[in-house]
Amino acid sequence: MSYLPPSFALTKDPVRTAVRFPLRLQVSLQTPEGILEAMTENVSASGLLLVARKLPGVDTKVEFTMAMPSAIMGTATDVKVHCVGRVVRHQQSETEQKAAVVIDEYSLEAS
């Protein structure tokens with residue numbers, strides 16, 4: 001039984017080891033410089049790609065909590081996942097920044 005909506009596309013890059021889900025989730029990053037707001041572009045079990053006007057640089061430690069949709073998690077309600085990770089790649093254009101974050105630790109939070 002599939003818990004993904006029919007239009008939900010998964011992406012798998014041959015270099016990457018985890019399937020990436022194209023999820024747009026709002027996250028508040030806790031960084032050494034303060035709180036930064038960002039949006040996920042895609043999420044996998046080992047990391048995520050963030051998009052925002054301003055993001056932390058490579059090697060910056062970040063903490064955040066995201067609400068994973070129930071359809072993805074196979075649960076009756078959304079699941080909050082608290083993550084600790086670090087920025088491993090950074091890309092900038094004229095209008096936005098993207099940062100790849102590796103998740104080093106995570107825990108599920110009670111609703």
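The analysis underlying the following values was restricted to heavy atoms, covering all of them including side chains, and did not include hydrogens, waters or symmetry mates. For the single chain, residues carry numbers from 1 onward in sequence order.
The shortest non-hydrogen separation linking H90 to L55 is NE2-O, 3.5 Å. K54 and L36 make their closest contact through O-CD1, 4.1 Å (heavy atoms, listed as atom of the first residue, atom of the second, distance). Listed here is the closest heavy atom pair of I103 and L48: CD1-CD2, 3.9 Å. Minimum heavy-atom separation, P56 to L29: CD-CD1, 4.1 Å. Residues V62 and R86 come closest through the heavy atom pair CG2-N, 4.3 Å. Nearest heavy atoms, L23 versus T40: O-OG1, 2.6 Å.
When hydrophobic clusters are built by joining Ile, Leu, Val, Met, Phe, Trp and Tyr residues whose side-chain heavy atoms come closer than 4.5 Å, directly or via intermediates, V102 is not grouped with Y106. Hydrophobic clustering (ILVMFWY, side-chain heavy atoms < 4.5 Å, transitive): V27 and V51 are in distinct clusters. Connection of M39 to V43 is not established within any shared hydrophobic cluster, with ILVMFWY side chains joined at heavy-atom distances below 4.5 Å, either directly or through further cluster members. M66 and V84 end up in different hydrophobic clusters when Ile, Leu, Val, Met, Phe, Trp and Tyr side chains are linked at under 4.5 Å.
Of the inter-residue distances, the one linking R53 atom CZ with T95 atom OG1 reads 8.0 Å to the nearest 0.5 angstrom. Separating the OG atom in S28 from the CD atom in Q30 is a distance of 8.5 Å, to the nearest 0.5 Å. To the nearest 0.5 Å, atom CD of residue Q91 and atom CD of residue E96 are 8.5 Å apart. From L50, atom CG reaches atom CD of E37 across 11.5 Å, with rounding to the nearest 0.5 Å.
Evaluation of the salt bridge (charged side-chain N to carboxylate O under 4.0 Å, His left out) rule for K61 yields no partner, not counting sequence neighbours. S44 is linked by a side-chain hydrogen bond (donor to acceptor under 3.5 Å, both in side chains) to S46, counting only residues two or more places apart in sequence or in another chain.
In this structure a side-chain-to-backbone donor-acceptor pair under 3.5 Å is missing from T60 to V87. Counting only distance, with no hydrogens or angles, the side chain of N42 and the backbone of F21 share no donor-acceptor pair below 3.5 Å. A side-chain donor-acceptor contact under 3.5 Å links Q26 to the backbone of A38.
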Problem - Residue pair R20, L49: steps toward the side-chain contact (heavy atoms from CB on, under 4.5 Å) verdict - result: CA-CA 9 Å; R20 291 178 284 165; L49 182 62; over 6 Å; no
